[in-house]
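Because only heavy atoms are used, hydrogens play no part in the values below, and waters and symmetry mates are left out as well, while side chains stay in.
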Amino acid sequence: MTAETPQPGASQPGSPLPEPLRARPVRRPGRWVSGAIVLVLAAMVVNALVTNPNFRWDTVWLYLRDVNVVRGVGWTLVLTFGSMAIAVVLAVLLAVMRRSDNPVMRWVSWCYIWFFRGTPIYTQLVFWGLISVLYPRLSLGIPFGPELLVFDTRTVITAFWAALVGLALNEAAYLAEIVRAGLGSVDAGQAEAARALGMKESRILRRVVLPQAMRVIVPPTGNETISMLKTTSLVVAVPFTLEITYATSAIGSRTFEPIPLLIVAALWYLLITSVLMVGQHHLEQHYGRGFDDGARPGRGGGPGRRRRNRRPSRQAAIRAAGTTRDDPFAEVTP
Amino acid sequence: MTDVQATPMVEARDVHKVFGHGSDGLHVLRGVDLEVPRGSVTVVLGPSGSGKSTLLRCLNELEEITAGSVHVDGELLGYRRDAQGVLHRLHPTRIAAQRSRIGMVFQRFHLFGHMTALENVIEAPVQVRGLSRRAARTRALELLDRVGLTDRVDHYPAQLSGGQQQRVAIARALAMDPELMLFDEPTSALDPELVGEVLTVMKALAASGMTMVVVTHEIGFAREVADHVVFMDDGVIVEQGPPADVLDQPSEPRLQEFLAHVL
């Protein structure tokens with residue numbers, strides 16, 4: 001087959017590159033001036049923060065490592081990741097139901113999203129906290145029939161579980177819309193090609209559509225995770241009182257130093273957010289494979305250079321194939 | 001079935017396709033009869049909107065036909081007729097199984113963008129046929145070699161030229177060992193200089209005895225490779241026969257006009 005023999009002259013790595021143009025750059029004094037002004041302003045802000053004795057930085061440093069504060073950070077992380085994990089699973093389910101042929105599924109999914117997005121998270125958390133008052137007994141059995149197993153609600157749904165489930169159910173509604181947008185972003189031809197190969201719809205979703213939708217789903221989901229980190233401070237509505245915001249404000253009111261303790265919580269939130277941003281970057285790299293990086297075969301590739309490299313690599317691929325000299329009609333005309 | 005060899009690979013009878021409902025419906029296929037003998041190459045020509053792509057998509061049930069019947073390898077597509085002659089729609093799993101024996105190559109390739117060329121070819125044999133990854137990989141490397149892409153197996157579709165992508169798409173379809181290959185304008189989305197490499201692969205495939213139905217505008221390919229040329233216009237087959245007759249002595253004025261424009 002002519003297709004695999006590289007043609008001489010198709011690509012010439014040895015040809016010398018021309019001397020680049022040498023020219024004096026345009027003078028831009030405005031850049032230096034504006035840069036200097038902004039730097040001075042930034043220095044003023046930092047100075048105002050560091051030298052103000054009202055912030056009590058010594059107290060901040062002391063309580064940053066307090067055992068109750070660190071434990072609070074732990075609970076905040078558990079609530080954040082636990083609720084996001086539940087929410088992601090639920091959101092994929094809701095998004096798939098939303099696209100279902102079954103009108104009951106579509107309707108239920110729509111109503112769920114309508115309700116949980118439409119009411120305040122704080123109110124929802126209060127209700128989850130009150131669930132043992134509203135429904136003192138939970139039972140497993142036949143719907144509208146006899147009960148087989150009966151529980152005391154208070155022992156099954158503790159404050160922690162009420163907080164976790166409350167956050168997760170609310171978040172699922174938002175994530176469902178993100179997943180739906182992601183599924184919709186995948187070209188219909190992908191599913192069609194998979195269908196033509198004899199793949200079942202469930203497998204097409206799992207193997208072909210979802211992995212490509214992830215590219216669109218991950219960035220806003222990272223955003224939601226960072227948002228959830230701060231939303232966990234609302235679980236005081238349940239009330240669940242071990243997470244970082246409540247833990248620090250409790251110390252603050254006990255020691256009559258609320259401001260340094262607010263700073264302690266804020267610094268921890270900042271630190272966790274920074275770590276989450278690194279994680280999000282790596283997830284985006286993973287699901288962007290085959291789309292972002294055109295420079296290297298296989299997985300991954302250096303960040304930052306990917307956009308610039310794409311076109312040259314495509315051009316190189318076309319040339320390296322060595323097929324571009326073929327005249328299509330020369331082969332098929334008798 | 002009396003004689004397997006005598007049954008044509010494709011037998012479409014009075015196929016109609018209406019998009020939409022009621023009087024607003026768009027009647028795209030208006031009674032198409034088509035027979036494709038085993039091991040033959042049929043090229044379908046026709047102007048845009050003549051229904052040729054829709055006909056092809058009906059041959060593997062990407063479109064559900066409105067009326068008529070399509071048999072592939074003697075098996076009714078999409079339906080089952082019981083002893084009383086009542087027609088039952090087949091379960092989607094059954095339809096997927098029928099499709100898995102019919103390869104399809106699309107105008108815009110539709111390679112799975114998140115998989116390398118090799119992973120694209122392996123995917124269906126593993127997921128649908130239940131082949132081991134190792135066996136599927138060996139076979140995939142063979143097929144990629146056959147389409148001349150041995151050195152491109154670990155590239156993602158975005159890193160391949162259009163012609164290379166289309167050749168991977170052909171290998172992906174062949175990996176399912178189809179008894180019939182459908183090509184929907186396989187070279188129409190390619191830069192002119194990349195058309196040749198895809199047609200070369202298709203020619204080799206035809207020479208190996210594969211039954212093929214090809215919707216294309218490449219008259220040269222039709223002339224050289226086709227056993228049978230079908231010209232469609234406005235949802236019906238206007239003229240058909242051996243390429244020499246249809247392309248060189250067209251009797252229908254619509255076909256004469258079409259050829260004058262294309263050649």
Exercise for the section: Could you look at A:Arg195 and say if it's the side chain, the backbone, both or neither that has a heavy atom under 4.5 Å from chain B? Expected result: both

Handout entry: B:Ile102, part contacting chain A, at a heavy-atom distance under 4.5 Å
Key = backbone

Exercise for the section: Give, as side chain, backbone, both or neither, the part of B:Glu61 having an atom under 4.5 angstrom from any heavy atom of chain A. Expected result: neither

Problem - B:Arg108/A:Asp187 salt bridge by N-O under 4.0 Å criterion - result: no

Practice task
Report the option among B:Ala175, B:Ser100, B:Gly113 that has the most heavy-atom pairs separated by less than 4.5 Å from atoms of chain A.
Solution key: B:Gly113

Problem - Rounded distance [0.5 Å steps], CZ in A:Arg207 versus CE in B:Met115 - result: 5.0 Å

Handout entry: Check: B:Arg152 main-chain N/O paired with B:Gln164 side-chain donor or acceptor under 3.5 Å
Key = no

Exercise for the section: May I ask you to decide whether B:Arg89 forms a salt bridge with B:Glu64, counting only side-chain N to carboxylate O separations under 4.0 Å? Expected result: yes

Handout entry: Selection from B:Glu123, B:Arg101, B:Met104, B:Arg129 maximising heavy-atom pairs under 4.5 Å formed with chain A
Key = B:Glu123

Exercise for the section: Can you tell which part of B:Phe106 gets under 4.5 Å to a heavy atom of chain A, answering side chain, backbone, both or neither? Expected result: side chain

Problem - B:Arg172 and B:Glu119 ion-paired at < 4.0 Å - result: no

Handout entry: Region of B:Leu182 in contact with chain A, defined by heavy-atom distances below 4.5 Å
Key = neither

Exercise for the section: Please determine if B:Asp177 and B:Arg139 form a salt bridge, counting it only when a charged side-chain N lies under 4.0 Å from a carboxylate O. Expected result: yes

